[in-house]
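What follows is one structure encoded as structure tokens, with my remarks underneath.
Both backbone and side-chain heavy atoms feed into the values below; hydrogens, waters and symmetry mates do not. The chain is numbered in sequence order, starting from 1.
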Amino acid sequence: MKIGILTFQFADNYGAVLQCLALQEACKKYVQEVGVINYLPSKMLNRYIRIKKKLIPKGFEKHFESFRKKFFNR
């Protein structure tokens with residue numbers, strides 16, 4: 001059996017990323033294969049990128065992306 005977690009964890013904040021990781025690890029107790037499917041709605045993505053450029057310091061997102069690559073099953 002496989003489980004796919006569909007979530008908007010693209011947001012660079014600790015809550016979104018850690019919640020997704022916790023759900024992935026909890027699902028691993030019940031099934032062998034668990035994957036994270038990143039939900040990127042185009043309307044939300046465009047707004048988020050504009051806001052992100054204003055509020056989040058440059059280079060900060062690379063920390064989240066490296067965390068995602070290291071811990072999330074894609």
Report task. Would you confirm whether Q24, through its side chain, and V36, through its main-chain N or O, come within 3.5 Å as a donor-acceptor pair? Result -> no
Requested in this report: Answer whether the closest heavy-atom distance between the side chains of L21 and F67 falls below 4.5 Å.
Outcome: yes
Query raised in the report: Does L23 share a hydrophobic cluster with V31, counting links as ILVMFWY side-chain heavy atoms below 4.5 Å and allowing steps through other members?
Result: yes
Query - From SG (C20) to CD (E25), nearest 0.5 Å - result: 10.0 Å
Report task. Mind listing the closest non-hydrogen atom pair of G4 and I37 along with its distance? Result -> CA-CD1, 4.2 Å
Requested in this report: Flag the pair K62 and E65 as a salt bridge only when some basic side-chain nitrogen lies within less than 4.0 angstrom of an acidic carboxylate oxygen.
Outcome: no
Query raised in the report: Given the rule that I, L, V, M, F, W and Y join up when any side-chain heavy atoms are under 4.5 Å apart, are F71 and F64 in one cluster?
Result: yes
Query raised in the report: Is any side-chain heavy atom of T7 less than 4.5 Å from a side-chain heavy atom of Q19?
Result: no
Report summary line: Of all heavy-atom pairs linking F72 and V17, the shortest is CZ-O, 3.5 Å
Query - Same apolar cluster: Y14 and I5, side chain cutoff 4.5 Å - result: no
